[in-house]
Visitor: 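Quick one: the structure is below, questions incoming.
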Amino acid sequence: MRRFSLVAAAAISLAACSSDSTMPLPVDVALNDAGAFGTALTTVGGYDADTYQDRLINALPDEIKLTADQQARIRELIEAFRESTRADREALTAILKEARAAAEAQKTRAEVESILRKGADIRQRLAAAEAKLKADIDGVLTAQQKAWIAGHMPRACHPDYFAPLTDAQKAQIHALEVAFRDNNRADLDLVKSTFEEAQAAFKAGKTQDEIASILAKAAPAILRLESARRTLREQILAVLTPEQKASGCLPLG
């Protein structure tokens, strides 16, 4: 998702304090092609729909990880979100390009602001759509999963100061998430099969000692995965700019 920049909005607001209404806006400060459509996912360390989906898959602990059915339902919600917001996202992208071109052409602050104001209603709709997507995803999660996410939210997050991810950052983070799954496939599969075996044993009325013996088989893999998840989070942090990290909106998990 491409977003209207809240950093841009702040820069425009500061520029408005100047007594020189004809002063052009610096392109690198006033406009950011990444932009921001909303903050519902940023506040939970997900940033956008695709990144949040990856974080839910990889960050949740093994004992409460998303099921295949949950993953499929979340993918459907995100696809529906993309489709329903496609026209607004394309329209806002066009407005941002127009505003950037105006700033690069050294148009006045008022002229650039006038262009950006054309996207105000669109930004509100997209913010509402993102909030609904977050609520819909919450509806797919279990109480335990939601409690874990609530306990790992970036408490000091100031989304208005988070310069949203660029396309390059999104690609880098997605590649890290995919590499985590690929590099840890054996451990992920082992933990999954062990939990399934333990659940079957519980349903069959096996003793606690018998169930514990089954779970013990996955203990080394669980420890390795915990370490791998910490490493992945640090790798994601390394992709963020100093300004993004300073906002306190750190990656989930």
Side-chain angles (χ1 to χ4, degrees), residues 1-52 78 81-135 154 156-173 239-251:
M1 295 182 292
R2 297 184 63 78
R3 302 170 162 200
F4 170 75
S5 175
L6 291 170
V7 173
I12 291 169
S13 177
L14 288 172
C17 295
S18 169
S19 59
D20 184 1
S21 63
T22 63
M23 182 179 65
L25 295 170
V27 174
D28 59 343
V29 175
L31 295 170
N32 181 322
D33 279 343
F37 285 164
T39 60
L41 299 179
T42 301
T43 55
V44 291
Y47 309 134
D48 68 4
D50 293 322
T51 303
Y52 189 49
I78 290 174
F81 168 82
R82 288 198 195 103
E83 187 59 33
S84 65
T85 61
R86 188 184 307 280
D88 273 344
R89 287 184 290 113
E90 291 176 352
L92 187 55
T93 295
I95 291 169
L96 288 169
K97 287 182 178 178
E98 182 184 356
R100 171 167 285 274
E104 289 174 342
Q106 298 294 292
K107 298 294 184 181
T108 66
R109 180 181 63 251
E111 288 174 303
V112 176
E113 287 177 332
S114 177
I115 295 170
L116 290 172
R117 276 197 296 272
K118 294 190 295 184
D121 290 344
I122 298 175
R123 292 194 298 274
Q124 289 181 357
R125 288 196 298 272
L126 289 170
E130 187 177 303
K132 182 180 184 302
L133 174 63
K134 169 64 170 57
C157 174
H158 298 284
D160 287 357
Y161 298 106
F162 184 87
L165 299 177
T166 64
D167 287 343
Q169 286 178 307
K170 292 175 188 178
Q172 284 180 277
I173 292 173
V239 174
L240 302 183
T241 67
E243 293 77 16
Q244 288 169 329
K245 285 184 278 193
S247 72
C249 301
L250 306 181

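Predicted, not measured: the structure shown is a model, and the values here were computed from it.
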Visitor: As an exercise, state the distance from CZ of F81 to CD of E130, rounded to the nearest 0.5 Å.
Guide: 5.5 Å
Visitor: Can you name the closest pair of heavy atoms from A99 and V112 and give their distance?
Guide: O-CG1, 4.2 Å
Visitor: Determine yes or no for a side-chain-to-main-chain donor-acceptor pair under 3.5 angstrom, with T93 supplying the side chain and R89 the backbone.
Guide: yes
Visitor: Can you name the closest pair of heavy atoms from V44 and P154 and give their distance?
Guide: C-CD, 4.0 Å
Visitor: To the nearest 0.5 Å, tell me how far L165 CG sits from T241 OG1.
Guide: 9.0 Å
Visitor: So does L92 get a backbone contact from the side chain of R123, meaning a donor-acceptor N/O pair under 3.5 Å?
Guide: no
Visitor: I need the minimum non-hydrogen distance between T43 and P159, along with the two atoms involved.
Guide: CG2-CG, 3.7 Å
Visitor: Looking at CZ of R125 and CG of D88, how far apart are the two atoms once the value is rounded to the nearest 0.5 Å?
Guide: 4.0 Å
Visitor: State which residues pass salt bridge (Lys or Arg N to Asp or Glu O under 4.0 Å) with K245; sequence neighbours excluded, sorted by chain then number.
Guide: none
Visitor: Step by step, work out the side-chain hydrogen bond (donor to acceptor under 3.5 Å, both in side chains) result for D48 and T51.
Guide: CA-CA 5 Å; D48 68 4; T51 303; 2.7 Å; yes
Visitor: Does the side-chain contact (heavy atoms from CB on, under 4.5 Å) test come out yes or no for K170 and I173, once each step is laid out?
Guide: CA-CA 5 Å; K170 292 175 188 178; I173 292 173; 6.0 Å; no
Visitor: Please report the interatomic distance CZ(R109) to CG(L116), rounded to the nearest 0.5 Å.
Guide: 13.0 Å
Visitor: Got a donor-acceptor contact below 3.5 angstrom from the Q169 side chain to the T166 backbone?
Guide: yes
Visitor: Kindly write out the residues that satisfy salt bridge (Lys or Arg N to Asp or Glu O under 4.0 Å) with E243, not counting sequence neighbours, or none if the list is empty.
Guide: none
Visitor: For the atom pair CD (Q244) and CG (L250), what is the distance rounded to the nearest 0.5 Å?
Guide: 10.5 Å
Visitor: Taking all heavy atoms of A131 and all of A40, pick out the closest pair and write down the distance.
Guide: CA-CB, 3.7 Å
Visitor: Rounded to the nearest 0.5 Å, how far apart are CD of E104 and NZ of K97?
Guide: 12.0 Å
Visitor: Taking all non-hydrogen atoms of both residues, which atom of C249 and which atom of L240 are closest, and how far apart?
Guide: O-CD1, 4.4 Å
